[in-house]
2 protein chains.
Amino acid sequence: MNDYSKIFTDFLLRKEMKFTNSRKIILDTVFSLHDHFDIETLYETIKTKHNNVSRATIYRAIPLLIEAGLLKKSLRSLSKDKYEHIFGHPSHLHLICDKCGKIIEEVDKDVENLLNKIAIKYDFKIKEVNVSLRGFCSDCVKVGSSNV
Amino acid sequence: MNDYSKIFTDFLLRKEMKFTNSRKIILDTVFSLHDHFDIETLYETIKTKHNNVSRATIYRAIPLLIEAGLLKKSLRSLSKDKYEHIFGHPSHLHLICDKCGKIIEEVDKDVENLLNKIAIKYDFKIKEVNVSLRGFCSDCVKVGSSNV
DNA sequence: TTTACTAATGAGAATCATTTGCAACAAGAA
DNA sequence: TTCTTGTTGCAAATGATTCTCATTAGTAAA
Ligand SMILES: [Mn+2]
Ligand SMILES: [Mn+2]
Ligand SMILES: [Zn+2]
Ligand SMILES: [Zn+2]
């Protein structure tokens with residue numbers, strides 16, 4: 001059993017929940033996608049592999065994966081929530097192009113440290129950090145930012 | 001005419017759009033609210049103080065106010081976008097308590113500078129920056145973070 | 001002023017992502 | 001095996017946002 005499965009089974013055990021086949025499929029598919037994905041993409045990906053998992057079950061599994069620390073709702077683009085698995089990946093911020101939808105990732109420990117300091121200042125217990133810059137990527141700036 | 005109205009009328013003039021009564025009411029109400037608000041709150045506030053402005057008109061005015069640099073979609077809570085007017089206010093980040101809903105604001109120029117440097121590194125033209133820390137505020141940590 | 005043109009509006013229907021209710025199902029416990 | 005209870009798929013419900021379209025109102029020309 002791989003690392004993320006171990007983490008999830010342990011999590012489910014603690015919650016007295018079952019590691020069902022549907023949850024197995026959802027977990028594995030989440031870790032097979034190496035981009036920021038939305039629920040519909042996840043659903044379609046599962047579907048093409050001939051496994052029948054309903055949207056409802058996916059929507060029900062997502063909060064579990066998040067609570068287990070395996071998945072993060074990391075940004076919003078084109079009015080859809082985008083997720084990414086976070087186990088094995090350093091925390092990072094996003095530069096989101098509003099024109100072409102490109103997403104650039106950047107790891108920056110300095111920003112992270114500053115944010116942690118702010119949290120300490122307020123006795124705030126951080127569960128999740130979100131940093132995103134929206135605008136135009138270099139390609140789209142060249143073309144002209146007159147339209148959206 | 002006050003500053004924000006001047007900015008908005010100039011903006012509308014440039015876009016060859018009209019400074020209608022509905023837009024006037026929406027603008028004034030946006031600047032009368034000194035909290036982060038959602039569209040429904042804005043709608044209800046307008047409803048109790050003025051004659052009818054439809055939801056559709058509000059939804060249509062919001063992007064204009066944002067484009068004019070007067071308003072910002074600054075965070076998402078309970079699957080609703082929360083807005084705040086930004087004219088006359090320094091840019092700031094948010095600490096959002098997932099338990100009691102409290103929102104703490106913090107101005108941090110160092111974080112801002114670091115993010116600007118990242119944007120320059122990628123030739124990225126920033127239109128909007130969003131930084132938010134979710135978790136438990138000091139009050140809610142004390143009580144115990146076992147639930148939610 | 002009046003007229004004429006067009007953007008803007010209000011009301012509600014449509015849309016789209018997400019959630020929920022429920023009957024059928026399946027994993028363990030006994 | 002039988003029982004208990006969590007889980008699932010389906011479809012209907014929900015809720016925020018967008019769209020359609022008939023009507024209204026702002027503006028410029030006459
Ligand atoms: Mn990412
Ligand atoms: Mn704020
Ligand atoms: Zn781009
Ligand atoms: Zn709190």
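Put simply, the residue from Lys73(A), His36(A), His34(A) that forms a side chain to side chain donor-acceptor pair (under 3.5 Å) with Glu84(A) is His36(A).
Comparing dT7(D), dT17(D), dC10(D) by their closest approach to the side chain of Arg60(A) singles out dC10(D). Among the nucleotides dG26(D), dT7(D), dT17(D), the one closest to the side chain of Lys18(B) is dG26(D).
Atom CD1 in Ile46(A) sits roughly 12 Å away from atom P in dT8(D) (whole-Å rounding). Atom-to-atom, CG of Asp81(B) to P of dA16(D) comes out at 11 Å; the value is rounded to the nearest Å. Atom CG in Leu64(B) sits about 13 Å away from atom P in dT18(D), given to the nearest Å. Between Tyr59(A) atom OH and dA13(D) atom P the separation is 19 Å, expressed in whole Å. Computed from coordinates, the Ile25(A) CD1 to dT7(D) P distance equals 16 Å when rounded to whole Å. Spacing between atom CG of Leu13(B) and atom P of dG26(D) amounts to 16 Å, rounded to whole angstrom units. What separates CG of Asn52(B) from P of dT24(D) is a distance of 15 Å, to the nearest Å. What separates CD1 of Ile58(B) from C1' of dC19(D) is a distance of 17 Å, to the nearest Å.
Scanning DNA chain C 5' to 3' for nucleotides with an atom closer than 4.0 angstrom to a non-hydrogen atom of chain A gives a first and last hit of dA17(C) to dA27(C).
A salt bridge links Glu106(A) with Lys121(B): the distance from a Lys NZ or Arg NE/NH1/NH2 to an Asp or Glu carboxylate oxygen falls below 4.0 Å. In this structure, Asp38(B) does not pair ionically with Lys82(B), as no charged nitrogen and carboxylate oxygen lie closer than 4.0 Å.
Ring pair Tyr4(B)/Phe31(B): centre-to-centre distance below 6.0 Å.
The 5' end of DNA chain D is approached more closely, in terms of each residue's nearest nucleotide, by Met17(A) than by the other of Ile39(B) and Met17(A). Residues Glu40(A) and Asn21(A) each lie close to DNA chain C; by heavy-atom proximity, the contact nearer the 5' end of the strand is made by Glu40(A).
Under the salt bridge (charged side-chain N to carboxylate O under 4.0 Å, His left out) criterion, Asp10(A) pairs with Lys6(A), not counting sequence neighbours.
Cluster membership check: Ile25(A) shares its hydrophobic cluster with Ile39(A), using side-chain heavy-atom separations under 4.5 Å among Ile, Leu, Val, Met, Phe, Trp and Tyr.
Between dT8(D) and Thr20(A), a contact under 4.0 Å exists linking OP1 or OP2 to a side-chain N or O. OP1 and OP2 of dT8(D) both lie 4.0 Å or more from every side-chain N or O belonging to Ser54(A). Considering only side-chain N and O atoms, Arg23(A) lies under 4.0 angstrom from the phosphate OP1 or OP2 of dT8(D).
The shortest non-hydrogen separation linking Leu65(A) to Ile26(A) is CD1-CG2, 4.1 Å.
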